[in-house]
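Taking it in order: structure first as structure tokens, then the write-up.
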Amino acid sequence: MDLKLYNTLTRKTEIFEPLQKGRVGMYSCGPTVYSHPHIGNFRSFLVADLLKRFFEFKGFKVTHIMNITDVGHLVDDADEGADKLEETARKQKKDPLEIAKFYTDSFLQASKLLNIKPPDKYPKATEHIKEMIDMVKILIDKGYAYVVENNVYYDVTKFANYGQLSGNTLNDLNAGARIEINQEKKNPQDFALWKHDPKHLQQWDSPWGKGFPGWHIECSAMSSKYLGAEFDIHTGGEDNIFPHHECEIAQSEAASGKKFVHYWLHTRFLLFDGEKMSKSKGNLYTIPELIEKGFRKNAIRYALISSHYRQNYNFTFDGLKAAAQAIDKIQQCVLRLTDLGKTGKQGEIREQLQDLAANCLTEFDAALSDDLNISKALAVCFDFIRQVNKTDDMNSTEAAALLDTINKIDSVLGVLEADDNEVPANIIELAEKRKAAKLNKDWKAADAVRAEILAQGWIVEDIPGGGYRIKRGENA
RNA sequence: GGCGGCGUAGCCAAGCGGCCCAAGGCGAUGGUUUGCAAAACCAUUAUUCGUGGGUUCGAAUCCCACCGCCGCCUCCA
């Protein structure tokens with residue numbers, strides 16, 4: 001089935017056609033490691049993860065690159081002033097690279113908690129200074145860039161398509177007049193490829209003297225190194241459209257003479273309780289903070305992927321609770337199928353169930369193939385689960401087949417993490433004690449033990465037939 | 001000023017010209033089941049899609065106007 005994606009570049013939903021059959025080259029704008037990444041950052045990373053997993057579900061071999069920006073993002077509007085990393089470094093009196101490492105680790109840990117599949121490579125900007133310098137040289141040689149006083153700027157008037165991605169024309173940008181006039185630049189919209197600033201803590205040698213790279217060049221340089229000058233798909237947050245991605249296109253296409261990226265996918269911002277997240281509002285939650293508050297990591301993942309990526313997602317604690325409930329519904333079904341797979345009778349799979357499973361996967365595929373219509377896909381998933389729950393007298397072959405279907409779906413959703421909840425021995429003991437009490441019809445004792453188990457953070461549930469099941473409770 | 005998005009049940013959210021008296025999740029209510037629970041299942045929870053016009057045999061879906069909300073326009077995913 002064809003995958004359709006909304007392409008920011010053309011402002012149309014298009015059928016995805018890879019450069020190479022069966023393969024996808026994908027680049028995602030990653031974090032700038034000067035603070036802990038928050039849920040908003042992760043929504044964008046999770047959309048990339050969802051898309052990548054869906055490509056794999058459809059049988060594509062994906063090469064996924066996500067950069068880690070550990071240098072070069074300037075703080076204020078005029079390409080002047082302190083670098084964000086440096087600002088943090090000065091505040092904390094640490095070396096910028098130390099700061100970068102600390103927050104890179106924070107990012108990687110949170111990514112793991114959210115069950116994000118690691119990209120094939122997380123290239124770091126500071127490890128690709130040479131590649132960036134090489135690209136800047138090419139841009140100067142080809143006449144797209146010019147040197148002034150140890151600084152290198154890109155001349156936007158030389159690139160005819162500047163503004164194609166964002167819809168910003170040079171005239172509009174002039175009218176916007178938010179740009180402080182920098183006398184060095186030929187045009188106010190020209191952006192820095194290489195900057196000279198003796199006050200900067202991070203410095204590298206270059207043909208233009210000591211300095212540091214401009215903040216768009218790293219993605220152009222690293223994407224071409226790992227994916228080639230021309231590749232399939234580039235993802236990021238909506239704020240990246242302009243100027244970052246617009247400038248990447250200008251740099252990469254000018255340097256290579258080829259089309260840069262075929263499909264641009266941008267994730268809309270997350271709101272928190274209907275408001276934009278910001279430090280001043282104190283609503284920039286990080287993943288560990290939410291876990292600290294008692295929310296489950298897979299609920300956070302579910303919440304963040306459960307609405308369409310081109311829609312603002314309004315993040316609320318109530319939404320997280322709803323997400324946790326929804327996952328439980330799936331998990332409950334998985335538990336039952338797992339039990340039946342072990343204890344059910346041997347047998348053939350009924351045709352009706354075979355069709356149910358096949359249709360589910362087809363519809364799930366169709367939903368996500370429609371520009372990642374996740375709501376529809378989840379609806380398919382829950383419809384399937386209801387049908388499964390309604391099915392009595394299931395044999396072990398059937399249970400295994402249906403379980404396999406859920407697992408295929410979860411290879412994309414990634415919310416059913418392997419059950420790492422080893423039930424402690426004392427809890428099992430208590431559960432056995434309760435079972436014994438129940439056999440004696442000593443309901444009081446049985447209920448007391450159940451309360452005790454709950455107090456320790458676990459839930460016992462009876463299964464028809466006299467058995468029971470132990471689940472992790474809220475605080476386990 | 002320029003570019004773009006949104007308004008569907010208590011909440012989240014799909015649908016984008018007829019299959020819609022509108023999917024799915026959460027919540028709520030009643031029922032089946034259970035020692036009691038939990039889970040599960042069944043039923044109910046929008047004859048209506050921000051408001052007003054229009055186009056059409058037919059509109060939540062297209063057009064116009066109005067109201068409200070939000071994002072981007074060189075820090076930001």
Side-chain angles (χ1 to χ4, degrees), chain A residues 8 11 28-32 34-35 37-48 73-79 81 83-84 87 163 166-169 171-180 188-189 191-192 215-216 235-244 246-247 266-271 274-279 284 302-303 306-308 310-314 316 318-319 321-329 332-333 335-336 367 370 373-383 385-386 388-390 392 438 441-444 446-447 450 459-464 468-469 471:
Chain A
T8 309
R11 274 159 245 210
S28 299
C29 275
T32 302
Y34 62 89
S35 66
H38 53 73
I39 48 176
N41 299 322
F42 275 107
R43 164 133 126 132
S44 165
F45 304 148
L46 280 167
V47 166
H73 276 204
L74 295 163
V75 156
D76 69 19
D77 284 1
D79 271 16
D83 178 288
K84 282 194 162 184
E87 209 172 64
S166 62
N168 288 331
T169 64
N171 281 338
D172 290 342
L173 287 170
N174 276 330
R178 269 184 64 175
I179 307 155
E180 214 173 287
Q189 302 82 10
F191 56 91
W215 64 285
H216 308 301
T235 74
E238 61 172 325
D239 57 316
N240 283 153
I241 296 172
F242 191 87
H244 188 52
E246 193 73 70
C247 295
H266 291 100
T267 305
R268 208 161 282 283
F269 268 134
L270 181 82
L271 303 175
E275 293 188 309
K276 188 178 175 175
M277 297 193 307
S278 69
K279 277 182 188 141
L284 282 176
Y302 184 100
S306 66
S307 77
H308 192 81
R310 282 194 290 119
Q311 208 73 57
N312 284 117
Y313 174 68
N314 185 17
T316 61
D318 281 346
K321 285 178 201 151
Q325 287 305 114
I327 295 170
D328 276 349
K329 189 170 208 152
Q332 203 71 33
C333 183
L335 284 173
R336 175 166 173 257
D370 183 13
N373 188 338
I374 185 74
S375 302
K376 183 83 190 298
L378 289 171
V380 169
C381 174
F382 285 108
D383 281 335
I385 281 170
R386 188 181 317 103
V388 171
N389 285 339
K390 277 165 79 165
D392 296 320
K438 279 185 60 180
K441 297 205 187 293
D442 185 351
W443 311 125
K444 247 191 182 164
D447 290 352
R450 183 165 62 193
I459 295 169
V460 224
E461 289 174 358
D462 296 331
I463 302 172
Y468 61 85
R469 175 189 296 147
K471 288 199 309 193

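Values below: every heavy atom of this structure, side chains too, minus hydrogens, waters and symmetry copies. The sequence lines fix the lettering, A, B, ..., with proteins before strands; numbering per chain opens at 1.
Rounded to whole Å, the separation between the C1' atoms of B/rA46 and B/rA39 comes to 29 Å. Nucleotides B/rG2 and B/rU74 are separated by 16 Å at their P atoms, to the nearest Å. Taking atom C1' on both nucleotides, B/rU32 is separated from B/rA37 by 15 Å, rounded to a whole Å. Comparing B/rA60 with B/rG17, their C1' atoms sit 11 Å apart, to the nearest whole Å. Taking atom C1' in both B/rA9 and B/rG5, the straight-line distance is 23 Å, to the nearest Å. Rounded to whole Å, the P atom of B/rA23 lies 14 Å from the corresponding atom of B/rC16. B/rG50 and B/rC6 are spaced 11 Å apart, taking the C1' atom of each and rounding to whole Å. Spacing of C1' atoms, B/rC41 relative to B/rG7, comes out at 36 Å, to the nearest Å.
When the nucleotides B/rG71, B/rA39, B/rG35 are ranked by their closest atom to the side chain of A/Gln332, B/rA39 comes out on top. In the set B/rC36, B/rA77, B/rC41, B/rA77 carries the atom at the smallest distance from any side-chain atom of A/Asp239. In this structure, the nucleotide among B/rA23, B/rU74, B/rG71 sitting nearest to the side chain of A/Ala379 is B/rA23. The A/Arg450 side chain lies nearest to B/rC36 when the options are B/rC73, B/rC36, B/rA14. Nearest nucleotide to the A/Gln325 side chain, out of B/rG25, B/rA77, B/rC26: B/rC26. Candidate nucleotides B/rA77, B/rG15, B/rA23 were compared by shortest atom distance to the side chain of A/Asn373, and B/rG15 ranks first. Which of B/rG4, B/rA14, B/rC76 sits closest to the side chain of A/Lys376 comes down to B/rA14. Here B/rA14 is the nucleotide among B/rA14, B/rU74, B/rC41 with the atom lying nearest to any side-chain atom of A/Ser375. The side chain of A/His38 lies closest to B/rA77 when the candidates are B/rA77, B/rG25, B/rC26. The side chain of A/Phe242 lies closest to B/rU74, out of B/rU74, B/rC42, B/rG35.
A heavy-atom distance below 4.5 Å is not found between the side chains of A/Gln332 and A/Asn389.
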Run the numbers on A/Lys471 and A/Asp328 for salt bridge (Lys or Arg N to Asp or Glu O under 4.0 Å), then give the verdict.
CA-CA 10 Å; A/Lys471 288 199 309 193; A/Asp328 276 349; 5.2 Å; no

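As the counterpart of B/rA14, no nucleotide is assigned, since no Watson-Crick or G-U wobble pattern has both distances under 3.5 Å. Pairing for B/rA65 goes to B/rU51, judged as Watson-Crick or G-U wobble with the two contacts each under 3.5 Å. The base-pairing partner of B/rA59, taking Watson-Crick or G-U wobble contacts with both distances under 3.5 Å, does not exist among the strands shown. Shown here, B/rG1 forms a base pair with B/rC73; the pair counts as Watson-Crick or G-U wobble because both key distances fall under 3.5 Å. Across all strands shown, B/rC41 forms a Watson-Crick or G-U wobble pair, both distances under 3.5 Å, with B/rG31.
Between A/Ser306 and A/Leu378, the shortest heavy-atom contact is CB-CD1, 4.0 Å. Between A/His38 and A/Leu284, the shortest heavy-atom distance links the atoms CD2-CD2, 3.5 Å.
Taking only distance into account, the side chain of A/Asn312 never meets the base of B/rG5 through a donor-acceptor pair shorter than 3.5 Å. Interface remark: the A/Asp462 side chain does form a donor-acceptor pair with the B/rC36 base, using a distance-only criterion of under 3.5 Å. At a cut-off of 3.5 angstrom, counting only N and O atoms as typed in the model, there is no donor on one side facing an acceptor on the other between the side-chain of A/Arg268 and the base of B/rA77.
Put simply, A/Arg386 has a side-chain N or O that comes within less than 4.0 Å of OP1 or OP2 on B/rG25. In terms of phosphate contacts, A/Asn389 brings no side-chain nitrogen or oxygen within less than 4.0 Å of OP1 or OP2 of B/rA40. At B/rC72, none of the side-chain N or O atoms of A/Ser166 fall inside 4.0 Å of OP1 or OP2 (strictly under the cut-off).
Ring geometry for A/Phe382 versus A/Tyr302: interplanar angle over 60°, hence perpendicular rather than tilted (30 to 60°).
Note: OH (A/Tyr313) to P (B/rG25) measures 16 Å, nearest angstrom. Rounded to whole Å, atom C1' of B/rU74 lies 16 Å from atom CD of A/Glu238. Note: CZ (A/Arg11) to P (B/rC72) measures 17 Å, nearest angstrom. Remark: C1' of B/rC3 and CD of A/Glu246 are 12 Å apart, rounded to the nearest angstrom. The interatomic distance linking A/Asn314 (CG) with B/rG5 (C1') rounds to 15 Å, in whole Å. One can place CG of A/Leu271 at 12 Å from P of B/rC12, the figure rounded to the nearest angstrom. As rounded to whole Å, 15 Å separates atom C1' of B/rU33 from atom CD1 of A/Ile463. With rounding to whole Å, A/Tyr302 atom OH is found 15 Å from B/rC12 atom P.
The 5' end of RNA chain B is approached more closely, in terms of each residue's nearest nucleotide, by A/Lys329 than by the other of A/Ile385 and A/Lys329. Heavy-atom distances to RNA chain B give each of A/Leu378 and A/Ser44 a nearest nucleotide, and the one nearer the 5′ end belongs to A/Leu378.
Among the heavy atoms of the strands lying under 4.0 Å from A/Lys390 are primed sugar atoms or P, OP1, OP2 only; no base atom is included. Note on A/Thr235: nothing from the nucleic acid sits closer than 4.0 angstrom, heavy atoms only. Residue A/Leu270 is classed as a base contact, given a heavy-atom separation below 4.0 Å to a base. Using a 4.0 Å heavy-atom distance criterion, A/Gln311 is classed as a sugar-phosphate-only contact. When heavy atoms are screened at a 4.0 angstrom cut-off, A/Phe382 is found touching the sugar-phosphate backbone but no base atom. Nucleic acid contact class of A/Gly236 (heavy atoms, under 4.0 Å, all strands): sugar-phosphate only.
Atom CD of A/Glu238 is separated from atom CG of A/Asn312 by 6.5 Å, given to the nearest 0.5 angstrom. Between the CG atom of A/Leu335 and the CZ atom of A/Arg469 there is a distance of 5.0 Å, given to the nearest 0.5 Å. Atoms CZ and CZ, from A/Arg43 and A/Phe45 in turn, are 13.0 Å apart once rounded to the nearest 0.5 Å.
Remark: the A/Glu246 side chain and the A/Gln189 side chain contain no N/O donor-acceptor pair separated by less than 3.5 Å.
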